[in-house]
Amino acid sequence: MTLSLRHHHDSIRQGLVEMRRHCAASLPDLPALSATRLRQSKNFSANSRYIYDVLIPQARAGMDAGALRAFNADIRLLNDKRFAISAHIAKWGSREIGQDWEAYRTIALEICDLVDAQLQIEQRCLAQFADI
């Protein structure tokens with residue numbers, strides 16, 4: 001069964017709350033942070049598969065050329081945000097986080113804001129095609 005867009009977004013938002021809680025700490029709890037990051041990675045992957053395998057093809061199937069151009073521009077924005085998030089994850093492993101917690105906290109909070117923006121774009125351009 002395919003989970004709804006709302007379910008995917010709720011899972012990701014819950015992870016953002018956890019990430020922000022981690023970032024509020026003066027010292028990292030690396031095992032707990034690692035578990036949160038892993039869960040969040042799985043949530044992102046499931047959401048991406050749903051969007052790219054189900055929603056985008058459904059959306060494109062019924063669009064005229066003008067709507068398709070606007071929709072594709074939104075999808076490019078989503079892709080840009082996904083790449084930025086992926087680059088962050090690739091750069092910051094547990095060792096790097098432990099070595100520079102202050103920098104990680106700052107960047108992780110910026111990434112949380114980027115994810116929030118991504119979810120808003122997904123909601124705006126894809127919710128009408130989703131079983132929410």
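When reading the values below, keep in mind they use all heavy atoms of this one structure, side chains included, and skip hydrogens, waters and symmetry mates. Just so we're clear, the structure is a prediction, and the values are computed from it rather than from any experiment.
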Engineer: S34 side chain to L30 main-chain N or O, any donor-acceptor pair under 3.5 Å?
Structural biologist: no
Engineer: Taking only residues two or more places apart in sequence or in another chain, which ones pass side-chain hydrogen bond (donor to acceptor under 3.5 Å, both in side chains) with D113?
Structural biologist: R20
Engineer: Quick test of your reading: applying ring pair (Phe, Tyr, Trp, His ring centres under 6.0 Å), list the pairs with at least one residue in residues 94-116, sequence neighbours left out, ordered by first then second residue.
Structural biologist: H88-Y104, W92-Y104, W101-Y104
Engineer: Can you see which heavy atom on Q40 is nearest to which on L16, and at what distance?
Structural biologist: NE2-N, 3.5 Å
Engineer: Under 4.5 Å between side-chain heavy atoms, counting indirect links through other Ile/Leu/Val/Met/Phe/Trp/Tyr residues: same cluster for L55 and L77 or not?
Structural biologist: yes
Engineer: Going by side-chain hydrogen bond (donor to acceptor under 3.5 Å, both in side chains), name the pairs with one or both residues in residues 55-73, residues two or more places apart or in two chains.
Structural biologist: R60-N72
Engineer: Just wondering, do Y52 and N79 contact through their side chains at under 4.5 Å, heavy atoms?
Structural biologist: yes
Engineer: When hydrophobic residues are tied together by side-chain contacts of less than 4.5 Å, even through go-betweens, does V54 share a cluster with I56?
Structural biologist: yes
Engineer: Would you say I111 ends up clustered with I12 if hydrophobic residues are merged whenever their side chains have heavy atoms under 4.5 Å apart, either directly or through other cluster members?
Structural biologist: yes
Engineer: Which pairs count as side-chain hydrogen bond (donor to acceptor under 3.5 Å, both in side chains) when at least one residue sits in residues 21-30, sequence neighbours excluded?
Structural biologist: H22-T36
Engineer: Taking only residues two or more places apart in sequence or in another chain, which ones pass salt bridge (charged side-chain N to carboxylate O under 4.0 Å, His left out) with R124?
Structural biologist: D74
Engineer: Please name all residues satisfying salt bridge (charged side-chain N to carboxylate O under 4.0 Å, His left out) with R82, sequence neighbours left out, ordered by chain then number.
Structural biologist: E122
Engineer: Any donor-acceptor pair under 3.5 Å linking the side chain of E96 with the backbone of G93?
Structural biologist: yes
Engineer: Is the shortest heavy-atom distance from the side chain of Q118 to the side chain of I85 under 4.5 Å?
Structural biologist: yes
Engineer: Any link between I107 and I89 through a network of hydrophobic side chains (Ile, Leu, Val, Met, Phe, Trp, Tyr) touching at under 4.5 Å?
Structural biologist: yes
Engineer: Heavy atoms only: give me the nearest A84-L114 pair and the separation to one decimal.
Structural biologist: CB-CD2, 3.6 Å
Engineer: Is there side-chain contact between R6 and Q123, with heavy atoms separated by less than 4.5 Å?
Structural biologist: no
Engineer: How many angstroms lie between CZ in F44 and CZ in R39, if you round to the nearest 0.5 Å?
Structural biologist: 12.5 Å
Engineer: Restricting to non-hydrogen atoms, name the atom on C125 and the atom on L78 that form the minimum distance, rounded to 0.1 Å.
Structural biologist: SG-CD1, 4.4 Å
Engineer: If we only count heavy atoms from C-beta on, is the I121 to L126 side-chain gap below 4.5 Å?
Structural biologist: no
Engineer: Is the closest side-chain heavy-atom distance between L33 and M19 below 4.5 Å?
Structural biologist: yes
Engineer: Would you mind reporting whether S4 and H8 have side-chain heavy atoms less than 4.5 Å apart?
Structural biologist: no
